[in-house]
Amino acid sequence: MSQPIVQQLTGQAEHGQTLSYLHLPFEVPEGIARIDVRYDYSDAVGSDPRLTDGNTVDIGIFDPRGTAFMTTGFRGWSGSARREFFIGQDEATPGYLPGLLQAGIWHICLGLYKVAPQGCHYQVEITLTPGGEQTAQFPALLPLRPVLGPRQPNGWYRGELHCHTYHSDGDSDPLEVVRLAESLGLNFLAITDHNVLSHLARLNTLKTSLILIPGFEVTTYKGHWNVWGDHGWIDFRILDEDRMAQAVTEAAQRGDVVSCNHPRPYGPEWVYEQVENFNCIEVWNGPWRLFNHIALEYWEARLRQGKRYTAVGGSDSHFLHREHLARLGQPTTWIYCEGDPTAARLLEALRAGHVFLSESPTGPRLMLHAGSAMMGDTVPYPLADCLRVTVNVSGGAGALLQLHTARGCVYQQAVESHSLALDMTVDVQGSSYVRAQLVTGEGDTAEVRALTNPIYLKP
């Protein structure tokens with residue numbers, strides 16, 4: 001066998017199949033060295049949820065290990081960002097894993113994100129190129145490295161937890177993102193490409209002083225969530241609440257840290273509100289004015305119910321080669337980590353809530369303490385409802401400092417100088433937490449410049 005084998009898969013998806021997946025089988029014989037896939041579909045429109053007058057079809061592929069939910073057969077995904085891809089033994093299109101090309105039944109997975117009323121005709125062309133002996137191994141992925149990062153004297157580390165490269169729908173190589181993060185003075189970086197693992201193979205080859213945190217964004221049609229850790233792929237083909245709960249629980253049980261991402265309009269919103277077994281909520285995604293006040297309220301509504309989630313932020317940066325609102329490190333997540341920092345220790349501190357958020361790497365710093373307790377910690381409920389706290393602000397001149405409890409804003413003060421230190425008493429009546437934030441503007445134009453995680457109160 002020396003000539004390429006070409007297979008055609010065609011069909012029609014109907015409007016009622018919107019937000020579902022099709023698995024199209026095809027056979028790969030022995031001795032194949034490369035698989036090329038090209039696809040097209042009718043009435044194509046972009047993936048922007050505001051575009052509703054056509055079709056958007058995502059694509060990925062599974063090998064003979066299977067297509068069952070949470071299977072190990074997943075080999076890659078490119079959403080609708082590419083119309084063609086390849087997988088070889090030693091290399092593959094970004095978003096796909098090279099390695100052994102097993103003989104057997106493979107499947108193209110089509111994600112029917114949008115199907116117009118007139119339906120969607122699709123066609124997939126698969127070219128199988130014969131080659132030599134199969135000796136390839138799957139690439140090693142970025143682990144939670146035990147290597148220590150540069151130690152910060154004050155124990156605070158600033159970084160980026162949510163960004164993308166051309167391994168999903170970005171425009172840059174992971175190396176470019178790493179170098180930009182270094183130039184911004186960040187200490188840690190998590191690249192979280194949509195649904196894939198291939199960026200972790202690339203990151204594992206890079207040398208950097210950054211603490212690299214492995215992660216990816218589970219991008220479903222019912223909400224997005226980040227997974228930080230090195231315990232493997234989590235399925236995104238989620239069509240109901242039970243599957244969402246199963247996937248989030250699986251990630252948590254493996255020991256990963258899980259975040260509900262941008263629960264706000266065009267986020268997309270988090271549909272399954274009864275699924276709450278994540279560790280964090282992304283309350284700040286990109287520029288504050290992009291509906292982040294809704295994500296903040298989503299988080300605080302759960303705080304008022306007595307639930308505890310670490311508030312995190314991320315730029316959701318996709319583009320380095322053209323101007324875009326989302327810029328790396330805006331916002332910046334600051335994590336307090338005692339002792340020598342590693343990726344695993346930073347994740348544990350993140351899980352504990354020892355975190356504040358700022359608008360940029362050089363933006364205001366805001367810290368809240370109650371005695372020796374810091375953000376994320378729990379203190380006994382105080383006598384007479386009065387909690388003694390210390391607030392430290394750096395770089396916040398011109399902002400308004402606010403303290404919030406379950407009753408809303410209970411204290412505010414203008415920050416008139418570069419730094420501010422307050423030792424004060426807060427009325428925490430009827431609340432299980434207190435937190436701080438810096439804002440500018442008023443009403444609908446108000447923007448948060450920094451915010452802390454809460455200090456919790458134990459009855």
Side-chain angles (χ1 to χ4, degrees), residues 21 23 58 60-79 85 87 92-102 106-107 109 111 136-147 161-165 167-168 174 188-206 211-220 223-239 242-261 275 277-280 342-348 350-351:
Y21 298 91
H23 296 91
D58 300 328
I61 193 169
F62 288 76
D63 68 25
R65 291 174 294 175
T67 61
F69 190 64
M70 295 295 293
T71 186
T72 58
F74 179 73
R75 290 295 288 270
W77 183 257
S78 46
F85 65 86
I87 299 177
T93 299
Y96 295 83
L97 290 174
L100 183 66
L101 300 181
Q102 310 97 312
W106 290 57
H107 287 81
C109 179
Q137 302 293 320
F138 293 121
L141 305 180
L142 176 70
L144 280 172
R145 292 173 172 168
V147 178
L161 287 173
H162 184 176
C163 61
H164 300 275
T165 72
H167 284 257
S168 56
F188 64 87
L189 172 68
I191 294 176
T192 54
D193 277 313
H194 299 283
N195 295 332
V196 303
L197 300 177
S198 59
H199 62 292
L200 301 178
R202 174 70 170 131
L203 286 170
N204 199 38
T205 68
L206 304 181
I211 301 173
L212 296 178
I213 298 175
F216 55 95
E217 185 172 17
V218 182
T219 305
T220 84
H224 297 184
W225 42 291
N226 273 345
V227 173
W228 298 296
D230 61 355
H231 297 95
W233 181 70
I234 294 291
D235 208 323
F236 58 90
R237 297 168 299 161
I238 292 169
L239 303 177
D242 288 344
R243 281 285 174 87
M244 184 72 87
Q246 180 183 344
V248 174
T249 298
E250 173 66 23
Q253 289 179 343
R254 291 179 182 182
D256 295 323
V257 177
V258 179
S259 169
C260 171
N261 286 351
V275 179
N277 50 333
F278 29 78
N279 310 105
C280 310
T342 65
R345 289 177 180 173
L346 286 177
L347 286 182
E348 283 306 305
L350 184 71
R351 191 193 303 268

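The closest donor-acceptor contact from the side chain of H199 to the backbone of H194 lies at 3.5 Å or more, if one exists at all. Although no hydrogens or angles enter the test, the distance criterion places no donor-acceptor pair under 3.5 Å between the side chain of W233 and the main chain of M70. Of the possible donor and acceptor atoms, none in the side chain of H162 sits under 3.5 Å from a partner among the backbone N and O of N226. Remark: the backbone N or O of R254 is paired with a side-chain donor or acceptor of H231 at under 3.5 angstrom.
Of all the heavy atoms in A68 and D235, the pair that sits closest is O-OD2, 4.1 Å. Across all their heavy atoms, W225 and G223 have their closest contact at CD1-O, 4.2 Å. Of all heavy-atom pairs between A201 and T205, the closest is O-CG2, 3.4 Å. Minimum interatomic distance between F62 and C109 (heavy atoms only, all atoms of both residues): CE1-CB, 3.9 Å. When all heavy atoms are compared, the tightest approach of G111 to Y21 is CA-CD2, 3.6 Å. In this structure, L97 and S198 approach most closely via the heavy-atom pair CD2-CA, 3.8 Å.
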Next on the checklist: Run T192 and W228 through side-chain contact (heavy atoms from CB on, under 4.5 Å) and show every step you take.
Outcome noted: CA-CA 8 Å; T192 54; W228 298 296; 3.7 Å; yes
Next on the checklist: Is there a side-chain contact (heavy atoms from CB on, under 4.5 Å) between H23 and R237? Walk through the geometry before answering.
Outcome noted: CA-CA 11 Å; H23 296 91; R237 297 168 299 161; 2.8 Å; yes
Checklist entry - Stepwise, does the side-chain contact (heavy atoms from CB on, under 4.5 Å) test hold for W77 with T219? => result CA-CA 11 Å; W77 183 257; T219 305; over 6 Å; no
Next on the checklist: Evaluate R75 against R65 for side-chain contact (heavy atoms from CB on, under 4.5 Å), listing each step before the verdict.
Outcome noted: CA-CA 10 Å; R75 290 295 288 270; R65 291 174 294 175; 3.7 Å; yes
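Interatomic distance, I87 CD1 to I61 CD1, rounded to the nearest 0.5 Å: 4.5 Å. Atom CZ of F74 is separated from atom OH of Y96 by 7.5 Å, given to the nearest 0.5 angstrom. Note that the CG atom of L203 and the OG1 atom of T165 stand 7.5 Å from one another [nearest 0.5 Å]. With values rounded to the nearest 0.5 angstrom, R345 atom CZ is found 12.5 Å from L144 atom CG. Taken to the nearest 0.5 Å, the CG atom of D242 stands 10.5 Å off from the OG1 atom of T249. With values rounded to the nearest 0.5 angstrom, E250 atom CD is found 9.0 Å from D256 atom CG.
The side-chain heavy atoms of D230 and P143, taken from C-beta on, include a pair separated by under 4.5 Å. Within the 4.5 Å cutoff, the side chain of L141 has no heavy atoms near those of the N204 side chain. Two residues are said to be in side-chain contact when any heavy atoms from C-beta on lie closer than 4.5 Å; F216 and L197 meet this criterion.
Taking the side chain to side chain contact (heavy atoms under 4.5 Å, CB included) definition, one finds that N279 meets it with V257, V258, R351, sequence neighbours left out.
With no hydrogens or angles considered, a side-chain donor-acceptor pair links D193 and S168 at under 3.5 Å.
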